[in-house]
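Please read all numbers here as calculations on a predicted model, not as lab measurements. Below, all heavy atoms of this structure are taken into account, side chains as well, without hydrogens, waters or symmetry copies. A note on names: the letters A, B, ... follow the listed sequences, proteins ahead of strands, and every chain is numbered from 1.
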There are 2 protein chains.
Amino acid sequence: MNTQTLILAILNFENASGYEIKKQSSEGAFSYFVDISYGSIYPTLAKLEADGLVIGRSETQNGRPDKKVFSITAKGRAEFIKTLMSPPAIDKFKSEFLLVAMCADLTSPEIITKAIDKRIGEMEELLKVIGGLRSDCDHPATQWITSYGLHVKGADLEFLKNNRDSLIAMAGQAVKLDEAAE
Amino acid sequence: MNTQTLILAILNFENASGYEIKKQSSEGAFSYFVDISYGSIYPTLAKLEADGLVIGRSETQNGRPDKKVFSITAKGRAEFIKTLMSPPAIDKFKSEFLLVAMCADLTSPEIITKAIDKRIGEMEELLKVIGGLRSDCDHPATQWITSYGLHVKGADLEFLKNNRDSLIAMAGQAVKLDEAAE
DNA sequence: TTCGATATATGTCGTATCGATATATATCAT
DNA sequence: ATGATATATATCGATACGACATATATCGAA
């Protein structure tokens with residue numbers, strides 16, 4: 001899903017500045033399955049405005065820099081809903097942790113312990129975030145996707161906790177085999 | 001994790017041509033958490049060879065085009081293991097399905113039914129792939145990550161099947177509310 | 001009181017990566 | 001023999017990331 005559609009989705013949800021769109025995508029309601037960089041947001045917002053899919057209004061604030069708040073137009077909403085109609089692409093998933101875990105025997109127990117404990121911490125944090133999104137919003141579809149997230153990420157954390165020690169026990173085995181061969 | 005490290009990881013596992021690296025990353029042992037495009041593979045392989053981290057040898061085949069098989073060097077292996085030592089970055093995850101599900105009320109029951117059934121099919125397919133990887137390889141760390149995948153994706157599929165109908169029931173509600181207001 | 005840290009806010013720029021396309025060889029079923 | 005599929009390498013434009021620059025304002029600490 002391209003940056004344009006993601007921005008339209010966020011603006012269909014509520015009006016926002018570029019900075020607020022970034023927050024929504026990396027900490028807010030969309031953070032669990034979306035992330036957009038500033039390097040994509042500002043140029044795309046300019047293009048979207050040029051095409052009449054969003055309009056921006058400057059707002060002066062007290063105690064903060066001015067901001068430009070964007071809202072979706074009728075044309076933008078039509079375009080967005082049209083995009084929703086096409087079958088969603090398969091999830092994109094990349095995990096450095098799984099690569100490191102797969103190569104556990106090439107490293108040390110210390111490295112693997114740090115990696116899995118870091119992951120357990122991140123997973124607990126993510127569960128808190130999703131739980132927060134869930135209680136903040138009684139919109140049925142949001143309740144559905146947050147229940148989904150809680151279920152899947154809960155199972156994820158459960159596995160990590162139950163199998164932490166067995167992964168650590170595999171660490172450094174390739175090195176030990178080398179030494180035994182000498 | 002950059003393309004260079006991903007290629008070193010695959011070549012540390014077994015020798016491969018550019019085409020075979022692509023297969024490993026999108027259908028093989030690494031496909032569950034990695035994906036690399038040809039547009040990254042061939043230029044990176046050339047750079048890796050220029051830097052002495054891999055070496056390539058041309059092989060003629062019968063009944064197939066020639067291929068250039070790459071293998072990792074001692075320098076390449078040292079570089080790869082060094083990279084494994086740094087704490088793994090958080091998973092990257094993007095889901096068009098969750099965006100569509102969150103906007104279920106803006107579309108129709110037909111669209112949502114297709115989207116969730118497509119996802120259920122993909123999830124069943126992924127479980128088969130991970131199960132296959134698991135039975136093909138008795139390497140302990142591979143057993144660990146495939147058990148992890150089976151556990152998490154199993155929980156995912158379970159939720160989808162148990163909550164399919166409730167999501168479909170939410171579809172098109174925004175449109176119905178519009179009509180009721182007229 | 002000024003220094004550093006943090007938060008808000010917009011924007012750019014080099015680089016990495018994707019996705020589509022081109023090209024070529026060979027097999028196999030229609 | 002024609003079209004589809006698989007193997008194999010490579011490039012190129014478009015897209016997106018990640019780091020940096022810049023500016024305003026608050027707040028606690030030196």
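- Between I21(A) atom CD1 and dG11(C) atom C1' there is a gap of 14 Å when expressed in whole angstrom units.
- By the side-chain contact (heavy atoms from CB on, under 4.5 Å) test, E27(B) pairs with K23(B), sequence neighbours left out.
- Under 4.0 angstrom from either OP1 or OP2 of dA16(C) there lies no side-chain N or O belonging to T3(B).
- Take the nearest nucleotide of DNA chain D for T44(A) and for K23(B): the residue whose nucleotide is more 5' is K23(B).
- Note that K94(B) lies outside the cation-pi zone of F30(A), set by a 6.0 Å cut-off to the ring centre and a 45° limit from the axis.
- Within the cation-pi definition used here (under 6.0 Å to the ring centroid, within 45° of the axis), K92(B) does not qualify as a partner of F33(A).
- No more than 12 heavy atoms of other residues, nucleotides or ligands shown are found within 6.0 angstrom of CG on D138(A).
- Taking a 6.0 Å sphere around NZ of K118(B), one finds it holds more than 12 heavy atoms contributed by other residues, nucleotides or ligands.
- OP1 and OP2 of dA16(D) both lie 4.0 Å or more from every side-chain N or O belonging to S37(A).
- The shortest distance between the side-chain N/O atoms of K22(B) and the OP1/OP2 oxygens of dA8(D) is not below 4.0 Å.
- Counting only residues at least two apart or in different chains, salt bridge (charged side-chain N to carboxylate O under 4.0 Å, His left out) contacts with residues 51-64 of chain A comprise K47(A)-D51(A).
- In this entry the distance linking CG of D66(A) with P of dA9(C) reads 10 Å, nearest Å.
- With dA8(D), dT17(C), dA9(C) as the candidates, the nucleotide lying closest to the side chain of K94(A) is dT17(C).
- Dashed line: the shortest gap from a side-chain N or O of Q61(A) to OP1 or OP2 of dT8(C) is not under 4.0 Å.
- Distances shown here put every side-chain N or O of Y19(B) at or beyond 4.0 Å from the OP1 or OP2 atom of dT9(D).
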Protein-nucleotides 12-14 of chain C N/O pairs closer than 3.5 Å?
none

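- Between K67(B) and K92(B), it is K67(B) whose nearest contact on DNA chain D lies nearer the 5' terminus.
- Rounded to whole angstrom, the span from the CG atom of N2(A) across to the P atom of dA14(D) amounts to 15 Å.
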